[in-house]
Amino acid sequence: MLDKPASQAAVRASGPLSGFRIVEFAGIGPGPFACMLLADMGAEVITLDRIGAGKNLKAVATRGRKVIELDLKNKAAIAEVLDLLSHADALIEGFRPGVMERLGLGPDVVLARNPRLVYGRMTGWGQEGPLANAAGHDINYISITGALAAIGTKEKPVPPLNLVGDFGGGALYLVVGVLAALLEAQKSGKGQVVDTAMCDGAASLMSMFYDMSASGRWSGGRDQNFLDGGAHFYGVYECSCGNFISIGSIEPQFYALLRKHADLTDADFDAQMDRKAWPALKEKLTKVFKSKSRADWCKIMEGTDICFAPILTMEEAPKHPHMAARNVFVERHGVTQPAPAPRFSRTPSAIREPEMASIGDVTSAWKAKG
């Protein structure tokens, strides 16, 4: 059964970031997701959005905010924003380079008003470079890092949703950068700009693969290495029911268990790490897994050290016994969504309801708190 979030009063001050004030300039993709994480962890996130935007109780990535509607083309509104920012700990924006400067809210102006402010910037290409002002999306940002070329089938690369660029290389690196800068600001008393580019983060995520390539343990191309589907013992297999399972039996002891539970007595399977044998062994293993349903294989393998899991849809995932036992998903306003992560033992994260607010009221409250 899915848990419902606690009452607003119970969670208002919850989370390890309680007391931190963050101003978000509304956008799409990684910026809102980063601010969702910060809000879940207790930060007071104020979202500045266009007039008429309103609050969406069913939205997932924009949960937990106070929303202020403003016309940023109005000079009076910019003055109010500067007053608000003078009492904030961090700012997060995801516009193209130069937009904030043209609005009169660039780092030089804002940091002059509030030297302790952490100025988080989220873009695809970064604040400078030949492509800095070009349009793009996740698929483009990960294309120039080596990541997309390494993911997919032999025939062509396959976009890994927008998990690698927007959220992995973008939002998570933005959160890490902002939190690191906030820690440093507590010691130095000085803020700074955090330039987060999705292409930078996605390239960073590829560190292990560049390392393996340099040591000769990774070859170019797709579907021919032990983590890209090339190995028979690390991949996806279809079952008789049309559903799929995943196997990750890399270590010898796990591979031995795979052979035992799947009854792989053929001596050919002795050649686990022989790359030349992988295609033939993959064909044999494909036939083995096609002989039973996903439910059958779960009964045989789930919970063992084979490194096995059923591949579930978004509808199925919340109902899986492990996910349900850990309350990984919650229901909010009729929408099933992931619960806050990670988990804190003493200052737990929580989902808070969005609120509409006025910039004057928020600024006054922040001034009063000091």
Side-chain angles (χ1 to χ4, degrees), residues 17-27 30-35 37-39 41-50 65-68 70-129 132-133 170-198 200-201 357 359-370:
L17 297 181
S18 178
F20 283 92
R21 306 163 179 170
I22 297 171
V23 176
E24 171 195 16
F25 287 78
F33 182 72
C35 288
L37 297 177
L38 296 168
M41 288 188 279
E44 183 179 358
V45 180
I46 307 298
T47 299
L48 305 183
D49 209 340
R50 68 186 188 284
R65 323 280 217 280
K66 288 182 180 178
V67 181
I68 296 174
L70 287 172
D71 178 7
L72 292 179
K73 296 180 180 178
N74 185 316
K75 290 185 178 180
I78 295 300
E80 289 183 303
V81 172
L82 285 170
D83 197 18
L84 177 70
L85 289 171
S86 66
H87 302 282
D89 296 299
L91 172 161
I92 290 179
E93 61 95 2
F95 300 131
R96 289 200 204 189
V99 171
M100 289 291 280
E101 285 80 356
R102 289 193 292 274
L103 288 171
L105 296 170
D108 291 347
V109 174
V110 174
L111 290 172
R113 291 284 296 268
N114 182 358
R116 296 178 61 93
L117 185 87
V118 171
Y119 199 111
R121 316 197 81 167
M122 178 77 262
T123 59
W125 306 113
Q127 294 298 312
E128 71 280 322
N133 286 292
L172 296 184
Y173 277 78
L174 176 61
V175 170
V176 169
V178 167
L179 294 181
L182 284 171
L183 282 172
E184 197 279 335
Q186 290 181 333
K187 295 188 297 182
S188 69
K190 297 179 181 179
Q192 60 185 304
V193 175
V194 180
D195 175 5
T196 310
M198 289 175 237
D200 294 1
I359 193 166
D361 289 345
V362 173
T363 303
S364 296
W366 284 5
K367 284 181 178 178
K369 292 177 182 177

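We use all heavy atoms of the structure for the numbers below, so side chains are in, but hydrogens, waters and symmetry mates are not. Because the structure is a prediction, the values reported are computed rather than measured.
Put simply, CG on Leu179 and CZ on Phe20 are 8.0 Å apart, with the number rounded to the nearest 0.5 Å. The line from CD1 of Ile359 to CG of Leu84 is 5.0 Å long, rounded to the nearest 0.5 Å. Here the CZ atom belonging to Arg96 is positioned 12.5 Å from the CD atom belonging to Gln127, to the nearest 0.5 angstrom. Atoms CZ and CZ, from Arg50 and Phe25 in turn, are 15.5 Å apart once rounded to the nearest 0.5 Å. Between Ile22 atom CD1 and Leu38 atom CG the span is 4.0 Å, to the nearest 0.5 Å. To the nearest 0.5 angstrom, Ile78 atom CD1 is 8.0 Å from Leu70 atom CG.
Counting heavy atoms from C-beta on, the side chains of Glu93 and Leu105 never come closer than 4.5 Å. Residues Thr47 and Ile68 have side chains not in contact (no heavy-atom distance under 4.5 Å, counting atoms from C-beta outward). Residues Met100 and Pro107 fail the side-chain proximity criterion, which asks for heavy atoms closer than 4.5 Å. A heavy-atom distance below 4.5 Å is not found between the side chains of Val118 and Asp89. Side-chain contact check for Trp366 versus Ile46: some heavy-atom pair is nearer than 4.5 Å.
Summarising the geometry of Arg65 relative to Cys35, their closest heavy-atom pair is NH2-CB, 3.4 Å, with the distance given to 0.1 Å. Considering every non-hydrogen atom in both Met198 and Pro30, the closest pair reads CE-CG, 3.6 Å. The minimum heavy-atom distance linking Ala357 with Lys66 is given by the pair CB-CB, 4.3 Å. Taking every heavy atom of both residues into account, Ala34 and Leu174 meet most closely at CB-CD2, 3.8 Å. Between Asn133 and Pro97, the shortest heavy-atom contact is OD1-O, 3.3 Å. Considering every non-hydrogen atom in both Ala88 and Asn114, the closest pair reads O-ND2, 2.8 Å.
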Legend entry - side-chain contact (heavy atoms from CB on, under 4.5 Å) evaluation trace for Leu37 with Leu172: CA-CA 9 Å; Leu37 297 177; Leu172 296 184; 3.7 Å; yes

Legend entry - Arg121/Leu91 under side-chain contact (heavy atoms from CB on, under 4.5 Å): CA gap, chis, key distance, verdict: CA-CA 8 Å; Arg121 316 197 81 167; Leu91 172 161; over 6 Å; no

Legend entry - Residue pair Asp108, Glu101: steps toward the side-chain contact (heavy atoms from CB on, under 4.5 Å) verdict: CA-CA 9 Å; Asp108 291 347; Glu101 285 80 356; over 6 Å; no

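Between the Arg21 side chain and the His87 main chain, a donor and an acceptor come within less than 3.5 Å of each other. Checking side-chain atoms of Thr363 against main-chain N and O of Gly360 turns up no donor-acceptor pair under 3.5 Å.
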